[in-house]
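All chains are named by letter (A, B, ...) in the order of the sequence lines, taking the proteins before the strands, and each is independently numbered beginning at 1.
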Protein chains: 2
Amino acid sequence: MPKLVSADVEASLRQRIAGGEWQADNRLPNERDLAAEYGVARNTVRAAIDRIAAEGGLVREVGRGTFLKQAAPPDLRAIIGKLTGVSPIDMMAVRGILEPRAAALAATNASASELDSIAAAHAAASAAEEMEAFEQWDGAFHQRIFTGSRIELLNYLHDILLLIRNQDLWVQIKRRSFSPARRLAYCAEHAAIVQALMQRDAGAAEAAMRAHLDTVARNLFSVSAAP
Amino acid sequence: MPKLVSADVEASLRQRIAGGEWQADNRLPNERDLAAEYGVARNTVRAAIDRIAAEGGLVREVGRGTFLKQAAPPDLRAIIGKLTGVSPIDMMAVRGILEPRAAALAATNASASELDSIAAAHAAASAAEEMEAFEQWDGAFHQRIFTGSRIELLNYLHDILLLIRNQDLWVQIKRRSFSPARRLAYCAEHAAIVQALMQRDAGAAEAAMRAHLDTVARNLFSVSAAP
DNA sequence: CCTGTCTGAACCAGATATGGACCAATTATC
DNA sequence: GATAATTGGTCCATATCTGGTTCAGACAGG
């Protein structure tokens with residue numbers, strides 16, 4: 001039975017914090033008292049507090065105590081939960097902010113092999129006949145541009161956007177807007193981006209990406225797909 | 001009839017998992033307890049769990065236990081893990097991409113009350129003497145600009161950035177770079193942003209935000225804080 | 001007899017918990 | 001101002017809990 005005690009303590013503390021138990025003076029009981037209260041060793045309580053404090057919800061000060069931060073930080077899980085309900089309009093707006101800059105950064109920062117990898121994804125997408133295969137390589141193309149930007153965090157944010165993009169509702173929207181003619185148009189725009197990247201022309205890459213996203217947005221939100 | 005015992009255990013376990021018996025903490029009883037509960041040898045229980053785990057429904061961790069694998073998709077978990085290790089340089093690069101655009105959008109999209117709320121956060125930050133209070137209002141100031149952009153997804157992405165910003169390591173970096181003189185400089189730059197927003201001047205808001213982030217980045221990455 | 005399953009047991013290695021000690025910074029007390 | 005008490009920070013040796021592995025033997029069915 002007595003196993004993963006610190007996880008239990010952690011859960012209990014989180015609950016009590018959320019319940020406002022110590023909001024009066026923003027101060028938690030000291031570690032020794034908490035350990036006694038829970039009937040566990042101090043190190044166990046410390047492990048639990050460590051995990052909560054790592055997320056920024058608590059501040060510890062030697063000789064003073066452990067304190068609540070005034071504003072509780074948003075929980076990542078909750079954020080992700082909200083992300084699932086994001087509208088396609090918002091999605092394209094954010095892509096319109098991130099991707100042109102990512103392309104510009106990739107033009108200057110990407111290694112030669114990264115550029116090759118981007119070009120390869122473009123080639124594979126161009127060769128794809130079916131929508132599924134095209135979608136996959138299109139996703140890889142954009143992903144690799146983010147990788148080429150050499151900004152890790154930017155890459156992670158795009159991972160999150162990809163999660164949204166792969167959700168059912170989004171997939172349906174994409175399917176409705178898909179047509180062979182549009183696929184060809186996308187490939188031509190991709191080619192322009194690749195060319196700009198290869199020439200290390202940041203401004204051109206940014207502009208080409210912006211034009212591409214404009215096209216995608218226009219197609220996504222038009223009433224029906226062209227025949 | 002000692003036959004098909006492990007199959008029975010397997011079926012029972014599957015049923016209990018599906019029934020949500022252990023969803024509270026995602027954790028199954030340990031193998032020895034399960035064996036005792038079913039009146040069976042531990043090896044038998046292990047064989048049953050082996051088959052369930054092979055399908056990916058369970059994860060076993062030596063020394064910890066056997067857990068249900070249902071929570072977040074694995075790629076999401078990976079993203080969460082990576083987010084905690086992001087470098088400050090990356091962080092500022094991404095802020096430099098997102099925030100000026102958010103400011104521009106807020107200049108055109110924010111409601112009057114949202115603008116008031118932004119101005120209020122600026123005023124509170126200006127009035128704050130201690131670093132902690134200033135940090136809090138500074139965070140609120142930037143957060144409210146994202147809210148004013150009226151792009152939900154942008155707001156969520158900033159939540160994620162805030163999460164990183166509230167982590168221990170990041171807090172230490174900020175503390176090192178903090179000084180009263182710099183706080184005053186930040187407040188002056190905030191004032192310029194607020195003025196541009198109030199005048200609904202998207203271009204000026206974007207430029208003011210960009211200048212502000214440049215200052216912040218320069219201060220963060222300089223060797224030491226000014227006296 | 002041979003095969004497959006279950007039993008009961010032992011031991012391993014990794015993760016966690018314990019109980020204690022000492023340190024360093026802060027605060028209260030004299 | 002000196003001293004003591006309080007509090008978080010760090011470390012350690014030890015114990016316990018957990019899944020991982022192996023083995024010898026029992027037993028049923030072909």
Side-chain angles (χ1 to χ4, degrees), chain A residues 1-14 16-17 21-22 24-69, chain B residues 1-14 16-17 21-22 24-69 77 81 130-132 167-169 171-172 175-176:
Chain A
M1 218 65 161
K3 204 13 209 141
L4 289 195
V5 180
S6 88
D8 296 336
V9 173
E10 179 186 351
S12 169
L13 287 178
R14 296 193 119 101
R16 294 170 73 178
I17 290 170
E21 182 166 343
W22 299 298
D25 54 358
N26 277 356
R27 184 170 188 224
L28 270 64
N30 69 60
E31 297 176 350
R32 290 167 176 88
D33 285 352
L34 280 175
E37 181 184 337
Y38 283 107
V40 300
R42 178 159 83 106
N43 282 343
T44 307
V45 171
R46 280 185 58 77
I49 296 181
D50 278 345
R51 287 189 291 267
I52 302 176
E55 293 171 15
L58 294 177
V59 182
R60 302 158 121 175
E61 296 179 41
V62 182
R64 287 173 42 80
T66 302
F67 302 86
L68 296 174
K69 264 200 169 172
Chain B
M1 52 163 83
K3 204 164 191 190
L4 293 186
V5 178
S6 92
D8 292 339
V9 173
E10 180 185 349
S12 170
L13 287 178
R14 284 185 191 280
R16 294 170 73 180
I17 290 170
E21 181 167 343
W22 299 298
D25 56 357
N26 278 358
R27 183 162 183 254
L28 270 64
N30 69 60
E31 296 176 351
R32 290 166 176 87
D33 284 353
L34 280 175
E37 182 183 336
Y38 283 107
V40 107
R42 179 157 84 104
N43 282 346
T44 308
V45 170
R46 278 186 60 77
I49 296 181
D50 279 344
R51 288 189 290 269
I52 303 177
E55 294 170 13
L58 294 177
V59 182
R60 301 157 121 176
E61 295 180 46
V62 181
R64 286 175 46 80
T66 303
F67 300 85
L68 298 177
K69 186 180 183 178
R77 280 219 173 277
E130 296 174 4
M131 176 189 161
E132 292 236 336
Q167 284 169 356
D168 277 351
L169 188 128
V171 169
Q172 288 169 19
R175 185 160 296 149
R176 269 207 307 274

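Nucleotide D/dG8 holds its P atom 12 Å from the CG atom of A/Asp50, rounded to whole Å. For the pair A/Arg32 CZ and C/dT18 P, the computed distance is 16 Å after rounding to whole Å. For the pair B/Arg60 CZ and C/dA15 P, the computed distance is 16 Å after rounding to whole Å. If you measure from atom CD of B/Glu61 to atom C1' of D/dG19, you get 10 Å, rounded to the nearest angstrom. In this structure, A/Asn30 places its CG atom 12 Å from P of D/dG9, rounding to the nearest Å. Between the CZ atom of B/Arg51 and the C1' atom of C/dC6 there is a distance of 12 Å, given to the nearest Å. The CD-C1' distance, from B/Glu31 to C/dG14, rounds to 14 Å in whole Å. In this entry the distance linking CZ of B/Phe67 with P of D/dG19 reads 8 Å, nearest Å.
Looking at A/Arg42 and A/Asp33, no side-chain N of the basic residue comes within less than 4.0 Å of a carboxylate O on the acidic one, giving no salt bridge. Contact check on B/Glu37 versus B/Arg32 returns no salt bridge, with no Lys/Arg side-chain nitrogen under 4.0 Å from an Asp/Glu carboxylate oxygen.
Near DNA chain C, meaning a heavy atom under 4.0 Å from it, residues 38-49 of chain A has A/Val40, A/Ala41, A/Arg42, A/Asn43, A/Thr44 in order of number.
Taking side-chain N and O atoms only, A/Ser6 has no distance below 4.0 Å to OP1 or OP2 of C/dT16.
Across all non-hydrogen atoms, the minimal contact from A/Ala48 to A/Ser6 is CB-O, 3.6 Å. Nearest heavy atoms, A/Leu13 versus A/Tyr38: CD2-OH, 3.7 Å.
Distance from the side chain of A/Arg64 is smallest to C/dT26 among C/dT26, D/dG8, C/dG14.
In terms of the side-chain hydrogen bond (donor to acceptor under 3.5 Å, both in side chains) criterion, residue partners of B/Arg46 (sequence neighbours excluded) are, by chain and number, B/Glu31.
Atom CZ of A/Arg51 sits about 12.5 Å away from atom CG of A/Leu58, to the nearest 0.5 Å.
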